[in-house]
Amino acid sequence: MCLFCKLVNGEIPSNKVLEDDNFIAFHDINPIAPVHILIIPKVHVEKFQDVKPAMMAEMTIFIQEVAQKMGLDASGYRLVTNNGEDGGQEVPHLHFHLLGGGRLKWTHLHHDNPKESM
Ligand code: AMP
């Protein structure tokens with residue numbers, strides 16, 4: 001079973017921020033911003049490329065509620081999902097990184113040797 005499915009089942013602990021019937025938001029164990037929350041569906045969806053629009057519609061509302069609860073709705077935030085290998089996804093269970101709590105930098109993200117097809 002994948003790491004975040006274990007977290008959903010309570011097999012591993014999490015520092016939860018918000019939960020409803022379908023989604024959980026919790027603090028990232030290794031934060032890269034003053035506020036770094038992960039938002040996941042309770043059902044196993046591997047990555048953004050696989051998610052159904054209906055789930056994304058509900059998840060959007062949930063993410064907006066999390067941003068409001070964390071006090072980021074007015075100040076702003078960054079929302080990121082790493083999709084697959086080139087996207088740098090380490091945990092194969094769809095998750096959005098909600099980042100904020102300070103002015104975030106925006107910098108080059110690409111690797112030095114782009115694929116030939118690009
Ligand atoms: P990604 O690289 O997009 O797959 O991000 C995975 C994220 O999960 C990383 O930011 C990790 O710090 C985070 N993470 C891994 N294990 C846990 C955990 N048990 N609780 C909270 N966050 C975790």
Side-chain angles (χ1 to χ4, degrees):
M1 194 185 285
C2 93
L3 184 71
F4 287 169
C5 282
K6 286 183 180 169
L7 193 145
V8 170
N9 291 344
E11 284 180 52
I12 61 168
S14 63
N15 188 358
K16 282 181 200 168
V17 168
L18 194 66
E19 179 173 7
D20 70 7
D21 288 345
N22 300 315
F23 308 105
I24 303 181
F26 53 94
H27 289 272
D28 195 294
I29 205 168
N30 187 21
I32 59 166
V35 178
H36 186 170
I37 307 296
L38 296 179
I39 297 146
I40 66 171
K42 288 186 175 177
V43 298
H44 185 81
V45 174
E46 186 176 318
K47 58 188 185 296
F48 181 76
Q49 194 64 24
D50 303 325
V51 73
K52 296 277 186 285
M55 176 181 277
M56 274 315 302
E58 291 186 17
M59 206 166 176
T60 297
I61 296 167
F62 185 80
I63 291 169
Q64 289 167 345
E65 285 174 6
V66 175
Q68 191 170 20
K69 185 161 186 189
M70 297 308 296
L72 303 178
D73 50 328
S75 56
Y77 55 84
R78 187 168 298 159
L79 189 64
V80 175
T81 187
N82 296 326
N83 183 88
E85 195 178 342
D86 275 5
Q89 183 176 5
E90 290 177 357
V91 180
H93 183 127
L94 174 66
H95 53 282
F96 286 86
H97 297 256
L98 179 69
L99 303 155
R103 191 65 62 91
L104 302 176
K105 290 180 182 165
W106 184 251
T107 185
H108 290 284
L109 297 171
H110 65 85
H111 197 273
D112 278 343
N113 52 344
K115 291 179 175 169
E116 283 178 20
S117 60
M118 296 178 81

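Tracing side-chain contacts under 4.5 Å through hydrophobic residues (I, L, V, M, F, W, Y), one reaches Leu7 starting from Val91; they form part of the same cluster. Connection of Leu94 to Leu3 is not established within any shared hydrophobic cluster, with ILVMFWY side chains joined at heavy-atom distances below 4.5 Å, either directly or through further cluster members. Linking Ile, Leu, Val, Met, Phe, Trp and Tyr whenever their side-chain heavy atoms come within less than 4.5 Å leaves Phe4 and Val43 in two separate clusters.
Annotation for Gly100 and Ala33: closest pair O-CB, 3.9 Å, computed over non-hydrogen atoms. Taking every heavy atom of both residues into account, Ile39 and Ala25 meet most closely at CG1-CB, 3.9 Å. Closest non-hydrogen pair, Asn82 versus Gly87, comes out as CB-O, 3.2 Å.
Remark: Ser75 engages Leu72 in a side chain to side chain contact (heavy atoms under 4.5 Å, CB included) (not counting sequence neighbours). Residues passing the side chain to side chain donor-acceptor pair (under 3.5 Å) test with Lys16, sequence neighbours excluded: Glu19. With sequence neighbours excluded, the residues satisfying side chain to side chain donor-acceptor pair (under 3.5 Å) with His44 are His93. Take Asn15 and apply the side chain to side chain donor-acceptor pair (under 3.5 Å) test, not counting sequence neighbours, and it matches no residue. Partners of His97 under the ring pair (Phe, Tyr, Trp, His ring centres under 6.0 Å) rule, at least two apart in sequence or in another chain, are His36, His95. Scanning for ring pair (Phe, Tyr, Trp, His ring centres under 6.0 Å) contacts around Tyr77 gives an empty result, with sequence neighbours left out. Residues forming a side chain to side chain contact (heavy atoms under 4.5 Å, CB included) with His110 (at least two apart in sequence, or on another chain): His108, Asp112. A search for side chain to side chain contact (heavy atoms under 4.5 Å, CB included) contacts involving Val8 returns Ile24, Ile40, Lys42, not counting sequence neighbours. Considering only residues two or more places apart in sequence or on other chains, Ile61 meets the side chain to side chain contact (heavy atoms under 4.5 Å, CB included) condition with Glu65. Looking at residues two or more places apart in sequence or on another chain, you find no side chain to side chain donor-acceptor pair (under 3.5 Å) involving Asn83.
In this structure, Trp106 shares a hydrophobic cluster with no other residue, the cluster being traced through Ile, Leu, Val, Met, Phe, Trp and Tyr side chains under 4.5 angstrom apart.
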Donor-acceptor pairs under 3.5 Å, side chain of residues 46-57 to any protein atom, not counting sequence neighbours: which ones?
{"unit_1": "Lys47", "atom_1": "NZ", "unit_2": "Asp50", "atom_2": "OD2", "d": "3.3"}

Full working for side-chain contact (heavy atoms from CB on, under 4.5 Å) between Val35 and Leu99 | CA-CA 6 Å; Val35 178; Leu99 303 155; over 6 Å; no

What do the steps show when you test Leu18 against Phe62 for side-chain contact (heavy atoms from CB on, under 4.5 Å), and what is the final call?
-> CA-CA 9 Å; Leu18 194 66; Phe62 185 80; 3.8 Å; yes

Carefully, step by step, assess Leu98 and Arg78 under the rule side-chain contact (heavy atoms from CB on, under 4.5 Å).
-> CA-CA 6 Å; Leu98 179 69; Arg78 187 168 298 159; over 6 Å; no

Verdict with supporting geometry, Ile37 and Phe26, side-chain contact (heavy atoms from CB on, under 4.5 Å) = CA-CA 5 Å; Ile37 307 296; Phe26 53 94; 5.9 Å; no

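The backbone N or O of Asn30 sits less than 3.5 Å from a side-chain atom of Asp28, completing a donor-acceptor pair. In terms of modelled atom types and a separation under 3.5 Å, the side chain of Gln89 and the main chain of Gly84 share a donor-acceptor contact.
Taking 4.5 Å as the limit, every side-chain heavy atom of Asp20 sits out of range of all side-chain heavy atoms of Glu58. A heavy-atom distance below 4.5 Å is found between the side chains of Phe96 and Ile63.
In the displayed structure, Glu11 atom CD is contacted under 6.0 Å by more than 12 heavy atoms of other residues, nucleotides or ligands.
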